[in-house]
Amino acid sequence: MMISEKMIPLMKNNSAIRMMFEEGKKLAAQYGKENVFDFSLGNPSVPAPAEVNQAIRDVLEEEDSLFVHGYMSNAGYEDVRQAIADSLNRKYKTEFGVNNILMTVGAASGLNIILKTLLNPGDEVLTFAPYFVEYGAYVRNYDGVLRVVPPNTETFQPDLATFESMIGEKTKAVIINTPNNPTGVIYSEQTLAGIGDVLERKQKEYGTSIVLISDEPYRELAYDGAVVPFVTKFYRNAVVCYSYSKSLSLPGERIGYLLIPDELEDSRDVFQAATIANRVLGCVNAPSLIQRVIKRCVDAEVDVAAYDRNRNLLYNGLKELGFSCIKPEGAFYLFVKSPTEDEKDFCDVCKSFNVLVVPGSSFACPGYVRIAYCVSYEQIERSLPAFKKIAMHYQLV
Ligand code: PLP
């Protein structure tokens, strides 16, 4: 066998989301693109703000070509990191500096870098279902063990009592994601304070250090004036994995950062180790051109109102048809309760009406499906009659 044994399970589980995406392409070829309603992939549907494209042009015209396309410090350009720290300080009244920001190849690499930095073989990482399915693979990359706190399907805020009971001597890190993929829930201040209290208590009890890793690609995508609480205010040993993939609609450009506050235990060592992890993982540094662009658009935002219109149309439409789900406060996903016990059957029925959605079991939360509403408003409008047929199939209307 040519390939590594570690790759075999990964190939078997090749993401249900990706498979659904491929399925969508096949159906579109068969029935025509306008008759297939693909809600499977979290690819932004709102273009990057105009200032991003302008900044790309300006960087190429105004900055030295050898510099723009060159290597730099593995942690990224200092002026870019300072600009990000200043922006955070303006928004959150914090005091971060250049040495707290490490530029990464999106949140995916931020997570891999921090896990490589922290984990010894056998260390446990906790996360809350439903969760972004790649966490399992990322943790296994460094011979860690992912343990999943079962979902609290009442509110989709974490169940803190169960969380506390699952923390042990081997717990090294906890990954949270807010606003959440796939539920759209924003963890409340009360939740974050609760997580912080539990972790403080458990650190004392075991004499260990537990790092709270906050995965935040959807930080800027919040609706109805909802505020996304800033995690470092609630717990000392916290780091943030940020990404511009969704906040500036740049997923293919692969850019984000890790925030490693001074308050974190052994902060300087962690920062240095993370910088080396970035290099030895083969990223070397985050892409240069787009770092230069981020400096010029550090406070730019995508048109969140467009996602909000989609959210309201789909949420109200599905509720009227008798489907059950909580209203998302952020991100661009709806997590809908399956009208039948096995949500994979529900996904198949949806597919028979050319509607593609992702089973909740892909997020360790069976009985639900994820609908990504980062699509055109027209697609949602056109899909509602198909959802009506699905609702009729289950006698919801
Ligand atoms: N974390 C979550 C919760 C996500 O939904 C995604 C992408 O969809 C990522 C991380 C990866 O983001 P990036 O494109 O920044 O690597």
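Every heavy atom of this structure was used, including side-chain atoms; hydrogens, water molecules and symmetry mates were not.
With hydrogens and angles ignored, the 3.5 Å screen pairs no side-chain donor or acceptor of T232 with any backbone N or O of A238. No donor-acceptor distance shorter than 3.5 angstrom exists from the side chain of S87 to the backbone of A83, with no hydrogens or angles considered. The closest donor-acceptor contact from the side chain of E78 to the backbone of V98 lies at 3.5 Å or more, if one exists at all.
Taking the ring centroids of F37 and F353, they lie at or beyond the 6.0 Å cut-off. Aromatic pair F156/Y368: centroids less than 6.0 angstrom apart. The aromatic ring centroids of Y315 and Y373 lie 6.0 Å or more from each other. Annotation: Y333 is in aromatic contact with Y218 [ring centroid separation under 6.0 Å].
Aromatic ring orientation, F387 versus F323: perpendicular (interplanar angle above 60°, classes split at 30° and 60°). Classified by interplanar angle (parallel below 30°, tilted 30° to 60°, perpendicular above 60°), the ring pair Y138/Y135 is tilted. Ring geometry for Y77 versus F67: interplanar angle of 30 to 60°, hence tilted.
Looking only at side-chain heavy atoms (C-beta outward), P217 and N177 come within less than 4.5 Å of each other. Residues P179 and K246 fail the side-chain proximity criterion, which asks for heavy atoms closer than 4.5 Å. Residues R81 and M103 have side chains in contact (heavy-atom distance under 4.5 Å, counting atoms from C-beta outward). In this structure the side chain of P287 never reaches within 4.5 angstrom of the side chain of L289, judged on heavy atoms. Counting heavy atoms from C-beta on, the side chains of N310 and C374 never come closer than 4.5 Å. Within the 4.5 Å cutoff, the side chain of D143 has heavy atoms near those of the K6 side chain.
One finds no salt bridge joining K295 and E63 here, because no Lys/Arg side-chain nitrogen approaches an Asp/Glu carboxylate oxygen to under 4.0 Å. At a threshold of 4.0 Å, the pair K91-E220 counts as salt-bridged, since one of the basic side-chain nitrogens sits closer than that to a carboxylate oxygen. A salt bridge does not link E124 to K170: none of the charged nitrogens lies less than 4.0 Å from a carboxylate oxygen.
Atom CD of E95 sits in a sparse spot, with 12 or fewer heavy atoms from other residues, nucleotides or ligands closer than 6.0 Å. Around atom CD of E205, more than 12 heavy atoms belonging to other residues, nucleotides or ligands sit under 6.0 Å away.
Pairing each heavy atom of A286 with each of T104, the nearest pair is CB-O, 3.5 Å. Between I195 and L160 the shortest heavy-atom distance is CG1-CD2, 3.6 Å. Taking each heavy atom of V145 and G122 in turn, the nearest pair found is CG2-O, 4.3 Å. Taking every heavy atom of both residues into account, E320 and V397 meet most closely at O-CG1, 4.1 Å. The shortest heavy-atom contact between P359 and K344 is CB-CG, 4.1 Å.
Separation of atoms CG (D269) and CG (L264) is listed at 10.5 Å; rounding is to 0.5 Å.
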Side chain to side chain contact (heavy atoms under 4.5 Å, CB included) evaluation trace for V293 with L250: CA-CA 11 Å; V293 170; L250 296 172; 5.7 Å; no
Test log, rule side chain to side chain contact (heavy atoms under 4.5 Å, CB included), inputs F335 and I326: CA-CA 7 Å; F335 207 47; I326 50 163; 6.0 Å; no
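Side-chain contact, S247 with Y242: a donor N or O sits under 3.5 Å from an acceptor N or O.
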